[in-house]
Structures are given as structure tokens and as C-alpha cells.
Amino acid sequence: MGGFETRAIHAGQDPDPATGAVVTPISLATTFAQSAVGEHQGYEYARSGNPTRTALETCIASLEGGTHGLAFASGLAAEDALLRTLHPGDHVVIPNDAYGGTYRLVARVHERHGLTWTSVDLRDIAALEAAWRPETKMVWIETPTNPMLAIVDIAAVAGVAHAHGARVVVDNTFATPYLQQPLDLGADASVHSSTKYLGGHSDVVGGAIVVRDDTFGDELRFLQNAMGAVPSPFDCYLVLRGLKTLAVRMDRHCTNAAAVVDVLTGHPAVARVLYPGLADHPGHDVARRQMANFGGMVSFIAAGGEAAALDLVTKTRIFTLAESLGAVESLIEHPARMTHASVEGSPLAVDPALVRLSVGIETVDDLVADLRNALDASA
Ligand SMILES: Cc1ncc(COP(=O)(O)O)c(C=O)c1O
């Protein structure tokens, strides 16, 4: 159907056949008329399927280069569906650096129901091989990781996993399909918190999965309906609207992030900058290969340790101190006490001197000045 931007605006979003409306209607009906038992126009009951959700699922599937798109009520609901394709006794390899909620879902929810897991530094393929068990059925990748911005080679991990007959899931939340296409790199599923860049405006919580394999797609469609963690039609509309501008937003996020990295690099208040676009980032070469650009997320270690990090996050004016990421406005946060508090004391624990920035699309000079002022005040 054309390029990424064209598909973002048109895939699944033909003008409404009833009225010609060029914007996908928010379809609120929970039930749909049948002309005879079992004879209908594709919809019966809105948990099983809803036209606004279909538009979103078609669009996100197209953007990820997949054939089955599934929308959920949150990123974690989408992750939960993927983990429920596993059975008691199965083993999953998770990253040793990942969104804290993913760890919590695996270690504190699915483990109770018999799932076993190992956290591994997935940048190290030998470590992945060493962690392998006969019952390993899934490898969970996040790249770039939240919050350390480590890069995992998707094709290399998929090579190992597929040789053993296991599935590979990639959390593509940070990169988005505009910058990274996990299915093309060999992953079996791409999963999102669409609360972040896909929605893009900090006004909707949602999740999505895209796969190519029909059996996997059918299994997930069954779970989506059976579990019932579906998004509302209005939430689907908001994510769909966000997708239309994803490409232009991501371009600006990347440019602004690069300028922010320039301010941080070499500043005395900063011990280390974590950004895959930096030539000395250990994942830089892989990122160049598997991503179209380096994204809008930047992390750094405050030179003065935890106290300095906690102080710094209160000193910016445009960067708002808040959880979440990926929207038009710039955010600053302290992962150890905020987004990643759930991994404290676990193998995924976060350096308390770490500060994470979600660089928004405001005027770049304002962002740079805001950050420089805060850094100078804390140096
Ligand atoms: C990388 C990543 N994956 C998944 C999630 C979970 O998504 P949600 O908050 O929409 O449930 C988040 C949320 O912060 C995230 O950052």
C-alpha cells in the first residue's frame, strides 16, 4: 500500500462506507445485528471484535510488516497474552535489563502459575546459550532497553532461539516500527506499550502485538477474547490518530535527543551518557544495523550519585518530572525510585544515580537550555 507514512494514515482507514467520513468512526455498539443465526457482517459482540479496533489492528500490523495485529487495554495486557501462550513448566529467558513491569509480570504473576524464567544479558549470545534449557520456549527481548538503552542483536538472538524451536518476542516500545522492524529481523512477535510513542500524546493507555504466523495469531486472538483485556473504542481511536503522525514525531524526537546528548556529554555533572547513537556506546554498531535512527530516549548517570540524580530531576522546567515516555512533551525521571521501583533488590535493579529522559518535540533550543541550566545548578 506504499510507504510507512502512507500506511500509517491509510491502512485499515478507508473512508467510512456508510457516510464517506475520512476519519474512522468511534464505533460504540457492543452488539451487532444478525440477519439469521450466525449471519453477520464480521462483528457479533464488541469484546470479540469492534470496527474501530479492527482499523487500529490493521494499521499497526501493516506498520510492523506483520499479518495479525492485536490491540489490548495496556502494554502489560499485551505482554500477558504472549506469556499465556506458554504452559506450566515452560521456561522463558528475559533480559537482565527491562521494563520493571515486564519483570514483575513474569516473576510475580506467571511464576505462581508454573512458568520458570532466567534473566540474561542478551547482548551476550554465549550467556543465552548457557541459560538454555530443554523447556525454554520463549526469549523476551527489549531493545533499546528501558532504562539502560542497551541494544540487543535481534537477528542473533532469533538465530539461537529458532535453532532450539523457541519463539522470540521483541518489546518494540522504545524504537517503534518506524525505527525498527523486529519481524523482518527474525522475531516472532513485536509487542508495544502503545501508551508511549504510538499514542504519542500521554492521553491513552494501550498495548499491541503483531505477528506473521497464522497459528500464533489465532492463539493470541483466542486469548484476547478469552481474557477480555481489550481497549475501548475511544482508546483505539486515540492510538490510531497517534499513528498518523508517528513518523514525523519520531524524526523530531531523534533530532532533539541528539542535541540533548551533546549537552550531557562532557558536562561535569554527568558521569556517563547512555545513548545508542554515541559511537562509543557498546551497541552502536548493532543499532546502526537494525534501527533507522537512535530514538528519543536518553539516560545518564549523575556524577554526584543518587543524591545528585534526585536533586537534578527537580531542577528542570520544561522536562517534567513524571513517569512514562514517548509523548510530545519532554519528561525526566529517576528510574530506581519511579518506573523501576518494582525491580529493587532483583537481578534487574537499577543504578540509583541513573536519570532517564524522554526527549519530546518542543523547540530544541528550549530543551537544551532547560537541561543545561539544571545541570549547571547541580554541578
Ligand atoms: C518498554 C515497555 N514495555 C511495556 C510497558 C508496559 O506498558 P503499559 O504501561 O502500557 O502497560 C512499558 C511501560 O512503561 C514500557 O516502558
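Bear in mind the structure is a predicted one, so any value in this text is a computation, not a measurement. Counting convention: from 1, in listed order, for ligands and their atoms alike.
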| request: Say whether Tyr103 and Ser119, considering side chains only, have a donor N or O and an acceptor N or O under 3.5 Å apart. | output: no
| request: Answer yes or no: is there a side-chain heavy-atom contact under 4.5 Å between Met338 and Leu321? | output: yes
Atom pairs and distances, ligand 1 N/O vs protein N/O under 3.5 Å:
from     : atom 1 : to     : atom 2 : distance (Å)
ligand 1 : 3 (N)  : Asp171 : OD2    : 2.6
ligand 1 : 7 (O)  : Ser193 : OG     : 3.0
ligand 1 : 10 (O) : Gly75  : N      : 2.9
ligand 1 : 10 (O) : Ser193 : OG     : 2.8
ligand 1 : 10 (O) : Thr195 : OG1    : 2.7
ligand 1 : 11 (O) : Gly75  : N      : 3.1
ligand 1 : 11 (O) : Leu76  : N      : 2.9
ligand 1 : 14 (O) : Lys196 : NZ     : 2.7
ligand 1 : 16 (O) : Asn146 : ND2    : 3.0

| message | Looking at every heavy atom in both Tyr237 and Thr52, which two are closest together, and how far apart are they? | response | N-CG2, 3.9 Å
| message | Taking ring-ring contact (aromatic ring centres under 6.0 Å, His included) as the definition, give me every residue that meets it alongside His87, ordered by chain and number, with sequence neighbours left out. | response | none
| field | Qualifying salt bridge (Lys or Arg N to Asp or Glu O under 4.0 Å) pairs, either residue in residues 201-225, two or more places apart | value | Glu57-Arg221, Arg167-Glu219, Asp184-Arg212
| note | Contacts satisfying salt bridge (Lys or Arg N to Asp or Glu O under 4.0 Å) that involve residues 242-264 (not counting sequence neighbours) are none
